[in-house]
There are 2 protein chains.
Amino acid sequence: MDLKNFFNPSGVAVVGASSDKTKVGRQVLDSIIKNGYTGKIYPINRDNKMVAGLPACASLEMIPLKNKTTILVVIVIPAPFVLAELEKCARLGMKNIIVISAGFKETGDEGAAREADLKALALKHKLNILGPNCLGFINNNKKLNASFADSGTGGGQIAFLSQSGAIGSAVLDWLRNKDFNLGYFISLGNKAALDENDFLTYLATDKKTSAIFMYLEDIKDGQKFMSLVSKISPKKPIVVLKSGMSERGGQMAKSHTGAMAGGAAAIKAGLERAGAIMIENLEELFDLMLIFQARGAFGPVTGDLRILTNAGGIAVLSADEISRQKLNLKDSLDILGDASALKYEEALDKILKTSGNDNILVLLTPQTTTEPLLTAQSIIKVDKKYSKRLVLASFLGEVAVAKAKDFLTDNNVPAFNYPERAIRAVKRLADRQSVLKTLKPFLKKEFPSGKAKSDYLYLFNLLNKYKFPAVKTLKYSSSVSVSYPAVLKAVGPDFLHKTDKGAIMLNLENRQAVDKAAVNFSKNNKKILSNPDNYLVVQPQVKGGLEIILGFKRDASFGPLILVGIGGIYAEIFKEFRTVIADLNTARALEFIKSLPFYPILTGARGGKKYNIKQLADILVALSRLANEHPEIKEFDINPLFLRVEGALAGDVRAII
Amino acid sequence: MDLKNFFNPSGVAVVGASSDKTKVGRQVLDSIIKNGYTGKIYPINRDNKMVAGLPACASLEMIPLKNKTTILVVIVIPAPFVLAELEKCARLGMKNIIVISAGFKETGDEGAAREADLKALALKHKLNILGPNCLGFINNNKKLNASFADSGTGGGQIAFLSQSGAIGSAVLDWLRNKDFNLGYFISLGNKAALDENDFLTYLATDKKTSAIFMYLEDIKDGQKFMSLVSKISPKKPIVVLKSGMSERGGQMAKSHTGAMAGGAAAIKAGLERAGAIMIENLEELFDLMLIFQARGAFGPVTGDLRILTNAGGIAVLSADEISRQKLNLKDSLDILGDASALKYEEALDKILKTSGNDNILVLLTPQTTTEPLLTAQSIIKVDKKYSKRLVLASFLGEVAVAKAKDFLTDNNVPAFNYPERAIRAVKRLADRQSVLKTLKPFLKKEFPSGKAKSDYLYLFNLLNKYKFPAVKTLKYSSSVSVSYPAVLKAVGPDFLHKTDKGAIMLNLENRQAVDKAAVNFSKNNKKILSNPDNYLVVQPQVKGGLEIILGFKRDASFGPLILVGIGGIYAEIFKEFRTVIADLNTARALEFIKSLPFYPILTGARGGKKYNIKQLADILVALSRLANEHPEIKEFDINPLFLRVEGALAGDVRAII
C-alpha cells in the first residue's frame with residue numbers, strides 16, 4: 001500500500017466535528033486549523049451548517065467534490081457508528097482514514113468483535129486505516145495536525161510512532177517545551193489495519209525524515225519488521241523503546257494491549273538482528289531525540305571520546321561513566337576554572353582539528369568568572385566548521401547556564417543536563433555503528449512444513465543429514481557393536497525425562513555389563529517397553545569436554561530463534577540463554593559466539609583447552625538451516641553438546657513437533 | 001575538635017574584604033550580608049574605613065572586642081600572605097578559619113610547601129581551618145553564607161560536602177532553581193586541616209541535619225571514615241558520590257587533586273562496610289536530594305512498590321525498570337486515561353490504607369481530560385495522612401504538568417521527570433535498608449607489627465596457628481613420609497613464580513618417583529639451592545574440588561582488605577575479585593560469601609556438589625584476624641584454596657612482608 005496520499009491529502013474531512021469545543025472531534029478540527037493546514041477542510045456535522053467558522057457538510061457524500069479519493073477522513077464518533085462510516089468511505093473511494101474513536105479491542109469482547117469487523121472491512125476494501133483508539137497523526141512538514149494532541153508548528157526530521165497515546169502526548173508536551181518539532185507523529189492505537197511496518201515502509205522513502213523513533217508495546221510481524229528495519233537502519237537510524245521486556249512488564253503489557261506476539265528474548269534478538277537502537281526508557285528516548293534533532297546528520301560515531309572541561313571533578317565523573325559504558329576516553333583537557341569563552345574556543349578548535357572522528361564532550365561548570373552564554377557562542381562558532389563531527393555539551397547547573405544550553409541546542413550542539421546522559425547516548429550510537437559493519441538485510445525464508453518426527457533415532461539421523469557431529473547412536477540388540485565404556489539409554493515418549501526414571505545407565509565397561517543392564521531395565525519396564533515407540537539405544541560414553549546446551553524455539557512473530565547456554569555446574573551461574581535470530585551465516589555465528597558469556601573459556605583462557613570455535617560456528621549455521629527448513633519442529637534441544645579439543649559431539653537430542 | 005563555634009560564630013571577619021565588587025573577598029562579604037546573617041560582620045581592609053556600607057577594621061587586631069575567640073575568620077587574600085594571617089589568628093585566639101585563597105597544593109611544589117606550613121600551623125595552634133582553595137561554607141540554618149557561592153535563604157535538613165568547588169556551585173545553582181535549600185554546604189577544598197571526618201563528627205550531632213551528602217575525590221582516613229559513617233548512617237542516611245572509581249578516572253583524580261589514598265576497590269568495600277549509599281553520578285545525587293528534601297523523614301524503605309497510573313504504557317515501562325533494579329512490583333492499578341483528580345484521591349487512599357510499608361509510585365500522563373494540578377492537590381491531601389510512607393510521583397510531560405510537579409515537591413511528594421529515576425532512587429534506599437539490618441560500627445584495630453616472614457614453611461605454620469585447613473607440607477628429605485600421589489615443590493625467594501621454573505613436580509606416585517624428581521631438580525638447580533632460603537617441600541597431591549584464590553592486601557586509607565576470586569579455567573570469566581573490609585565476623589563473612597558470583601556453585605546448584613560454606617566463612621574470619629594481627633604483612637595470597645566436599649585445604653601460600 002502507498003501512504004503518500006494518506007499523509008499528504010488534498011483535503012481533510014472530520015466526521016464528528018462538533019460545535020462543542022470540549023469534544024474530541026472538535027479538538028481535532030481545531031488542531032487542523034490551528035497548525036495552518038493549507039488543503040481544504042470539511043467538518044462533517046449533521047446538525048450545524050457552520051463548525052469552527054467553516055462550512056460543514058451533513059455527511060461525507062455531501063463533500064462538494066467529484067473525486068473524493070485524495071481526501072483524508074478522520075472519524076471521531078462513538079464506536080458503534082464507526083463501521084457504517086467506513087463502508088461509506090469505501091463506497092466513496094475514500095481509502096485514507098483515521099479512526100480516533102475508542103471502544104474496540106481495548107474494551108472487551110464486544111469491542112474486539114467490532115475491531116475484527118473493522119479489520120475485515122479494511123482488508124476487503126483496501127482501506128488505509130490508522131487506529132482505532134488513537135490520537136491521530138501529525139505531519140508537520142505539511143502543517144497537518146490530524147490529531148487531538150497539541151503540537152508546535154514547523155517541520156522536523158524525526159518521525160515518532162507511539163503505540164501509547166498517553167506516552168505520545170507526554171513526548172509532544174516535552175518537545176514543545178524544548179521548542180522541538182517532530183516531522184511526523186503517528187499514534188498507532190490498536191493497529192487493527194495499518195501498523196508499524198506500513199509506516200516504516202512509507203518513512204523509508206520520505207526525504208524529510210532522517211531518523212525514526214518508536215514506542216512499541218508489541219511487534220505484530222517480527223520477521224517483516226526485521227526485514228524492513230535491517231534495510232532502513234543503515235541510512236536512517238531507528239530507535240525502539242519496547243515496553244514489557246521484563247517478565248512482569250510483559251504480563252502487564254499483554255493484559256493492557258492484548259499484545260500476544262513476540263517474547264522478550266525474541267524481540268531483543270530481532271532488534272539486534274535488524275540493527276535498531278534498542279533503548280530502555282523515556283529518558284534515553286529524549287537524549288537521542290535531542291542529538292538527532294539538534295545535530296541532524298553526523299558521520300559514523302566511534303566509541304572514542306575527548307573531553308574539554310573547566311573543572312577537574314566533573315571530568316573525572318565523566319571518565320568513570322565512560323569506563324562503565326565501555327567506551328574509550330582518548331583525552332581530557334582541563335582549561336581550569338577561570339577559562340574564558342575565548343579559551344574554550346581556541347581549545348575546542350585545536351581538539352577538533354587534530355582528533356580524527358573522535359566524539360567531543362564539552363563540559364562547563366559555572367564558576368566565578370565563567371561566561372556560559374559567551375562560551376556557548378564560541379563553541380557554536382567552532383562547531384560550524386566541523387559539522388559532520390559529533391560535538392555534545394553538558395553545562396552543569398540550572399539558572400546560570402539555562403540560556404547557554406538553549407543556545408547550544410538551538411544551534412546544533414545538543415546540551416545535556418548531566419554528562420552521563422550524553423555519554424550513554426554516545427554508547428548507543430557507537431554500538432549501532434559497530435552493528436552496521438556486518439549488517440545484512442534480513443530475508444524471511446519460507447519452507448513448506450516437513451515431516452520430522454520426535455523419534456530418537458530419527459533425530460540422530462536428522463543431525464547426520466545436517467552434518468552435525470554426534471555420538472554414534474544405535475538401537476540396542478544383543479548383537480549390536482559399541483565401544484566401551486558405553487551408555488545405555490531408554491528413549492521414547494515415556495522417557496522424555498530420562499534421568500528421573502533411571503533411563504540412563506552409565507559406565508558400562510564391557511559387553512556383559514551392557515547386556516545385563518539391558519535385561520534388568522527391560523524386566524523392570526516391561527509394560528512401557530511393550531510400546532515399540534519406547535526402546536533402548538547404546539552410545540559410547542563421552543569423557544571430558546565442556547558441556548553446552550543449544551537448540552531453537554519458534555517465536556510467533558520473529559520466527560525461529562537459536563538459544564545457547566552452558567551446561568554442567570556452571571549452568572546455574574550463566575543462567576541466561578543467549579538468543580539469536582536463526583538466520584546465521586558463518587560471520588554472524590562467529591560474532592554471536594564472541595558474545596557468549598563463556599567465550600573466554602572457548603579461547604583457552606588461562607592456559608585452559610582451546611576449543612574449535614569455527615566448528616561451533618558451523619554447527620550453529622547448520623542448526624539455523626534445520627530450524628528454517630523444518631517449520632514443523634516447534635522446539636529442538638541438543639543437551640549436551642560436548643565441546644572437546646578433538647571436536648564437538650551431540651550427546652542427546654529432543655524435539656517437540 | 002568542636003566545630004560548634006566554627007559553624008555558629010558570634011561574628012565573622014573577612015580578611016580581604018574589598019571595595020571592588022568583582023573581587024572574591026568582596027563577594028564573600030556580600031554573601032554574608034545578603035543572606036541576613038545576624039551576628040557582627042567585620043570587613044578587614046587596610047585602606048578603606050567603610051566596605052559595602054559596613055565599618056572596616058584595618059586588621060584582625062583592630063576588631064573592637066576583647067574576646068575574639070568566637071569570631072569566624074574568612075581569609076581571601078593572595079596565598080603568600082595567608083600564613084602570616086593565620087599566625088595572627090593564633091595569637092588572637094581565633095581558632096575558626098576559612099581559607100578561601102587558592103595557590104596551595106593544587107598549584108605545584110611551592111604551593112605544596114605552603115600548604116605543608118599551613119598544616120603545621122593548624123596542628124601547632126589547634127586551628128580549625130577549612131580549605132585552602134575552597135568556596136567557604138554556608139550554614140543556612142544560621143543564615144550564614146560564608147562563601148562566594150550563591151545560595152537561597154532559609155534552612156534545610158540536608159548537608160552537602162563537596163570536594164570540588166565547581167561541582168558545589170553547580171549543585172547550588174540546580175537547587176536554587178528548585179527552590180531548595182541545603183542546611184549546610186561545605187566546600188572542602190584541599191582539606192589541609194579539616195576534612196570530611198571532622199565535618200561528619202559535627203553533623204552527626206547537629207539536630208537540624210537529617211541527611212548528609214558528599215562529593216569526594218579522595219578519602220584521607222578511610223578507617224576513621226568507616227568508623228564514623230557506620231555509627232551515623234543508621235540515623236542519618238549518608239550518600240557518597242566518589243569520583244575516580246574507574247581506572248582511568250582514578251588516574252585523572254590523582255593528577256587533579258593529588259589524591260593518593262584509597263584504591264577504588266577499597267573505597268567501594270569501605271563504603272559498603274560503613275552503610276553509606278554509594279551513588280554513581282550527579283543525576284542520582286539530585287534524585288536522592290529530592291527525596292530527602294521533599295520527604296523529610298520516612299520509615300524503613302522496602303523493596304516493594306505499588307503503582308497507581310492513568311496510562312498502561314508508562315506503568316509497563318516502570319515495571320520493566322523495577323525488574324531491572326531487582327525490586328518487587330506488588331501491584332499496578334490503572335485507573336485509565338480519563339481518571340479525574342477525585343479518582344486518583346480515592347484510589348491512592350485505598351492503596352495506602354491496605355499496603356503495609358510498600359512504596360507508592362503515582363504516575364500521570366496528561367491526556368484530554370486529565371487534571372494535573374487538581375490531581376497533585378488530591379495526592380497531597382491523601383499523602384498527609386500517611387506521612388511516614390514513601391510516596392513518589394512521576395508526572396510525564398513538561399508544560400502541561402510543570403505546576404503540578406512543583407506543587408507535589410513543595411508539599412512533600414517528590415515528583416520526578418521520569419519514573420525510572422524514582423525507581424532507581426528507591427533501589428538505593430531499599431539497599432541501604434537491607435545493609436542496616438546487620439550493620440555494626442566499624443572499630444579500627446591497631447596491633448603492633450609482628451615478625452612474620454615470607455618463608456614457605458613459616459607461612460604454613462602461620463596458617464596452622466590460625467586454624468586454617470592446609471595441605472600437610474614438609475621439607476623434603478629422603479626420609480620424609482608423605483602420601484601418594486605427591487607433589488614436590490621448590491620454594492624460596494628464587495621460586496616465587498614456581499610454574500615458570502618447573503618448580504612444581506606433580507603426580508609423583510611413589511617414594512622412588514619423589515626421590516628421583518628431587519635428585520634431578522637439585523642437580524639442575526645446584527646454585528640456587530645452595531642458598532638455604534631456597535629448598536624443596538613435599539605435599540600430598542589434592543584431587544578434585546573447586547579452586548578458589550583468596551588473600552588480603554593493605555590499603556593505605558582503609559586498612560586490610562580481603563580479596564576472593566575463583567581459580568582454574570573460570571577465573572577468566574569471573575575476572576573481578578570481590579573485596580571486603582577485613583573485619584569479618586561469621587555473620588558478615590556469610591553475607592559476603594552470598595555475594596560471590598560463584599555462590600550458586602557452592603550451594604550445589606543443579607545437582608552439583610555442596611561445599612561447606614560455614615567452613616569457608618570460618619576461613620575468612622581467620623584471614624581477617626591474621627590480616628589485622630600482622631600489620632607487617634603487606635600482601636598475602638592463598639592460591640589455590642581447594643574447596644572439597646570433605647573440607648577445604650590451602651594448597652599454596654605467598655606473602656609480601
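What you see is a predicted model; the values in this text were computed from it and never measured. Just so it is clear: chains get the letters A, B, ... in the order the sequence lines come, proteins before strands, and each one is counted from 1.
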**Request:** Check for a donor-acceptor pair, side chain of A:Arg248 on one end and backbone N or O of B:Leu329 on the other, with a separation under 3.5 Å.
**Result:** yes

**Request:** Decide if atom NZ of A:Lys23 counts as having more than 12 heavy atoms of other residues, nucleotides or ligands within a radius under 6.0 Å.
**Result:** no

Under 4.5 Å from any heavy atom of chain B - which part of [X]:
{"X": "A:Ala315", "result": "both"}
{"X": "A:Leu241", "result": "side chain"}
{"X": "A:Ser243", "result": "both"}
{"X": "A:Phe395", "result": "neither"}
{"X": "A:Gln367", "result": "side chain"}
{"X": "A:Glu280", "result": "both"}

Measuring from atom [atom1] of [X] to atom [atom2] of [Y], what distance do you get when rounded to the nearest 0.5 angstrom?
{"X": "A:Asp320", "Y": "B:Glu247", "atom1": "CG", "atom2": "CD", "answer": "11.5 Å"}
{"X": "A:Glu283", "Y": "B:Glu283", "atom1": "CD", "atom2": "CD", "answer": "4.0 Å"}
{"X": "A:Leu317", "Y": "B:Glu217", "atom1": "CG", "atom2": "CD", "answer": "8.0 Å"}

**Request:** Can you tell which part of B:Glu420 gets under 4.5 Å to a heavy atom of chain A, answering side chain, backbone, both or neither?
**Result:** side chain

Might you point out which heavy atoms bring [X] and [Y] nearest each other, and give the distance in Å?
{"X": "B:Leu396", "Y": "A:Ala170", "answer": "CB-CB, 3.6 Å"}
{"X": "B:Ala319", "Y": "A:Ser246", "answer": "O-OG, 3.7 Å"}
{"X": "A:Glu398", "Y": "B:Trp174", "answer": "OE1-CD1, 2.8 Å"}
{"X": "B:Pro366", "Y": "A:Asp173", "answer": "CG-OD2, 4.5 Å"}
{"X": "A:Gly313", "Y": "B:Ile167", "answer": "C-CD1, 3.8 Å"}

**Prompt:** Looking at A:Thr365, A:Asn310, A:Val24, A:Val399, which has the largest count of heavy-atom pairs under 4.5 Å with chain B?
**Reply:** A:Val399

**Request:** Sort out for me which of B:Thr369, B:Asn281, B:Leu172, B:Asn417 touches chain A most, counting heavy-atom pairs under 4.5 Å.
**Result:** B:Asn281

**Message:** Within the structure provided, determine whether B:Gln27 and A:Thr368 are in side-chain contact (heavy-atom separation under 4.5 Å).
**Reply:** yes

**Asked** Can you check whether B:Ile314 reaches A:Leu282 side chain to side chain, under 4.5 Å on heavy atoms?
**Response** yes

